[in-house]
Chemist: 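Questions regarding the structure given below will be posed in turn.
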Amino acid sequence: MHADFQAQLAFHLTGQNLAEGPQPVAAFEMIPALLARYRNLAALRYDFPLVLSKDGAIHRLSTLVDEACSGVDEKTRKLALNHERGIRAGNAKAWNGPVPLAADGELADCDAKLPGRLVAHVWRALEEKRSRAMKDNIERLKSKLSDILAADDARSDEGRSAQTLRASFGGRDDLDFEALSGLLKRALPARPLPASRKRRIESLLKRLGALDFGPFVFDNCAEALAAYRARLPQLIALSKAIAAARLEAAGEYVEARHDEFFERCGASLLGAEGLADFPGTLVQLDGAELGMAHNAQLAEMLALGMPVKVLVQFDDILHRAPVGRPGFALRSHALAGMALGLQEVYVLQCCASSLYEMREDLRKGLEYPGAAVFSVFSGAGGESGKLPAYLVAAAAAESRVFPALRYDPSLQNSERFSLAGNPQADKDWALRELAYEDAKLQTVREEVAFTLADFAACDGRYAGWFARVPKERTNGGMVPVRESVAAPAGTLPEKVPYVLLADGLNRLHKAIVADELIGETRRCLEFWRSLQERVHKKEAPVTETPKAEAPAPAPAPAAEAEKPARNPDEPSIETPRCSTCEECVKINNRMFAYDANKQAYIADLNAGTYRELVEAAENCQVSIIHPGKPRNAQEPGLEELIARAEPFL
Amino acid sequence: MNDTACLLKLYDEKYELEDYQGGVPRWCSGCGDNAILAAVQRLCRDEALHPEKTVFVSGIGCSSRFPHYMRTYGFHGIHGRALPVAEGVRMARPDLHVFVNTGDGDCCSIGAAHWIHAVRYNMNLSVFLHDNQIYGLTKKQASPTSPRGTKSNTSPRGSWLEALNPLTVTLGVQNVSFVAQVVDWMPDVLYEVVRAAFHHKGLSFVRIIQRCPEWLPDQWEPFIKDPKRVQRLESSGHDAGNLDRAREVASKMDPIPVGILYRNENVPCYEDLRRSPKLRTPELVRTGLEAEFDKFTVWPS
Ligand SMILES: Cc1ncc(C[n+]2csc(CCOP(=O)(O)OP(=O)(O)O)c2C)c(N)n1
Ligand code: SF4
Ligand SMILES: [Mg+2]
């Protein structure tokens, strides 16, 4: 017993097998026990293959079949599922089987090409929509400007000549066009467009011309940057022309103001929002080549604010650095860190296996007006023997070595960063139930975490880090990797860590894991926890920008309580209640006048008599005129007037 | 590029009421139309509407003289047909602000069919119903909204029928999206509602109870004298999102409910559903017309 533990510990610490100790594992001999069930993917219904339809949408084949089958009988359903299996295995003769599917398009499996195809597919569709809107917009402006010129032509002497009039009537001869022409010339005085405006419109019509709509797709940053710089003057010129044409079409172009403005303004006219209307740029990079130099170029491009979408594809994240620690997924971590540090860049990182699930985040990133980075692990480049890329990618997602993360700068501060795309995102590891039969043929269920150590067990290059312990030698000195990682590093372990593996016959084995891999697993967990902290961290509260003041409505009548007491002896009008009925101003428009809101006030008491004041009070529709006491005691008929004024004091 | 457009508009654009005043109104003094005109001119000024981008469309009646008194574009149409004209303007020129002024005779009598369908089409228009409960221009005939018993030239012994309620009718039409009621003698509410109607996306229908001192001088006196007989919906906690409740409130006339009875911004506008992505350039119009004409061309044999 004791000797067994000694030998196991020795392997764990040194990675060297002793005779009589645990047995070496050959490359591709075993896979993690949790993956054993998924060896034959073609028999499973999962997210792939995808159907990329022409309109830019992404569908799941199984969902299309399920939707088509709703309401059909059981037999047809079975035939349809059979047909789906045929499509999956690549031997179906036609696209539509027993039930027609709602969408049609290219099939895309989860392989090395998937990330590039999927991103380009959605990007193209959005670009097309954008350029269509842009073209329409320009056409609309051009036709408005042409209308202005055409109207000017029609009003000119030439436009009103008998000849033109005859032509516009289709060359009829039963009208006297000379007379009509004379009539029109007399009736409508010609007011031609000012020459400067005419010239400006003509030049705008020329400048609203060609724009190169791309597509601008590159496989390196240097070319993308150079092409963008070369295109920028054209974009600025066009956006100036569009802005000027808008003003012109709306009749709002003021020479004194705008000539100078357009003379002086340059790139500042194009904020990220403005640029987002123009054709964008797509850059597809290979993560393996993202060295320091490339990284710097990429950072520069992202920080520029150009509407660039960058896909960085990683095929192998278990590539070992030549010296020092293994440094798994080092480059993808560095990329995410750099992009997140830029604050205004949309970042999406995920494994290819979750791309369907995260398609909305992908679309949002592509629609985001600024730069976006998509970092995707394809699962297709390591040394995983017969395991399909889909399983490798899914295993990477499960093990936290390539966690799904999304940063959307357009959201509120506290919602920008999300880990929602990860399995059991609030836990250290995703826990899964593993069911197997023991020696007595009884079903045993065990909760198992899928860690980086399990992920590394998929890769033939690292078989040497595992050593199988024959059943009779297993003992209480072994613990699952997750427990071992939870213990503090650096101390001599009391127990040796193991993972559960399955061989080609689906037999379960425990394998000791070398300490070097445990160290890497611990770092992986620390990185994951730092991401979790970022989610839980209270972000600084956003200061709300004050809403723009609405145009002030007319002063509302002051609340009853605040009304200063009115002196009944003084003549007055409650102006805010005036309903513009015209009565008082018709009686005397020097005494009563309208204010800027067309509501009456007493403009000049001396401009009229007390009699007029009383009459106005009587005629006022809303009884808001108060005549007060007479000021001139000599005015005839005062006694009667004072009595009439009484109800209005 | 919208930001560019904003940037360029930063210069101050200021209009005065006078910029919107057209001819001198020929309405009687004391006529509620004056109050409506003042409120609408204030709206134009406060929203800085470009006069050349604004159209008032009307039918026939005293109230329908409205466009003459605005210094904007206007269309003094034919009796009952203000709405179809306005819809045409809206369809062809989505860049214009389109207002409709119509009387109770114009809208609810001869123009009733257009009214119902305009509500259902829900095009982006602000419709003001000047309801004085009488035919004013033609010197006092009963209109559909005249209360039963109204004595007039066509009903000397008092009208026989119960009055039509323009609010409940409008609220009963599919796709209704904005219905409000105001009285001409409360300028603050009148202005607020007119403004809300202008900002509403869709057809906003505002029934404005309008005094006609010439033919029905005492009609609203009791309501003007007693403020308790007018109920402000805004302060009464009325939920303008509830159609059933709006219909209930609309059916009561004492106290007169004033304010927004119903508002739903989510009803689609016909012009948005039907706007052609194709530009109506002269070429397109010509090729379309020629294709049609060709169908009828008789070629000499
Ligand atoms: C086709 C047609 N029929 C009848 C008339 C006569 N007419 C002119 S105005 C009017 C009624 C107007 O009443 P209303 O719409 O309430 O406007 P108000 O004058 O009250 O503001 C009528 C019937 C007309 N001008 N055209
Ligand atoms: S008749 Fe009546 S509606 Fe016409 S202007 Fe005079 S008060 Fe106004
Ligand atoms: Mg009327």
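Reminder, nothing fancy here: chain letters follow the sequence lines and each chain counts from 1.
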Chemist: Taking all atoms of both residues into account, what is the closest heavy-atom pair of C578(A) and P187(B), and its distance?
Modeler: O-CG, 3.3 Å
Chemist: Hey, is CD on E344(A) packed in by over 12 heavy atoms from elsewhere, all under 6.0 Å?
Modeler: no
Chemist: Can you tell me how far apart CZ (R211(B)) and OG (S579(A)) are? Round to the nearest 0.5 Å.
Modeler: 4.5 Å
Chemist: Report, as yes or no, whether the 6.0 Å neighbourhood of atom CZ on R229(B) holds more than 12 heavy atoms from other residues, nucleotides or ligands.
Modeler: yes
Chemist: Are more than 12 heavy atoms, taken from residues, nucleotides or ligands other than F75(B), located less than 6.0 Å from that residue's CZ atom?
Modeler: no
Chemist: Under 4.5 Å, heavy atom to heavy atom, which residues of residues 613-623 of chain A contact chain B?
Modeler: Q621(A), V622(A), S623(A)
Chemist: Could you give the distance from CG (D46(B)) to CG (N597(A)), rounded to the nearest 0.5 Å?
Modeler: 7.0 Å
Chemist: Which residues pass the salt bridge (charged side-chain N to carboxylate O under 4.0 Å, His left out) test with K142(A), sequence neighbours left out?
Modeler: E139(A)
Chemist: Counting only heavy atoms not in E265(B), do more than 12 fall under 6.0 Å of its CD?
Modeler: yes
Chemist: Non-hydrogen atoms of chain A under 4.5 Å away: do they reach the side chain of E16(B), the backbone, both or neither?
Modeler: neither
Chemist: In a check of side chain to side chain contact (heavy atoms under 4.5 Å, CB included) between K598(A) and each of Q41(B), R45(B), E18(B), which one passes?
Modeler: Q41(B)
Chemist: Could you look at L43(B) and say if it's the side chain, the backbone, both or neither that has a heavy atom under 4.5 Å from chain A?
Modeler: neither
Chemist: Surrounding OH of Y73(B) (heavy atoms of other residues, nucleotides or ligands, distance under 6.0 Å), is the total greater than 12?
Modeler: no
Chemist: For the residue pair S29(B) and E583(A), what are the closest heavy atoms and their distance?
Modeler: O-OE2, 3.2 Å
Chemist: Once rounded to the nearest 0.5 Å, what's the spacing between atom CZ of R140(A) and atom CG of D95(B)?
Modeler: 10.5 Å
Chemist: Could you check whether atom NZ of K129(A) has more than 12 heavy atoms from other residues, nucleotides or ligands sitting under 6.0 Å from it?
Modeler: no
Chemist: Measure A249(A) against the heavy atoms of chain B and call it side chain, backbone, both or neither at under 4.5 Å.
Modeler: backbone
Chemist: Who among V585(A), T580(A), D147(A) has the most heavy-atom pairs with chain B under 4.5 Å?
Modeler: T580(A)
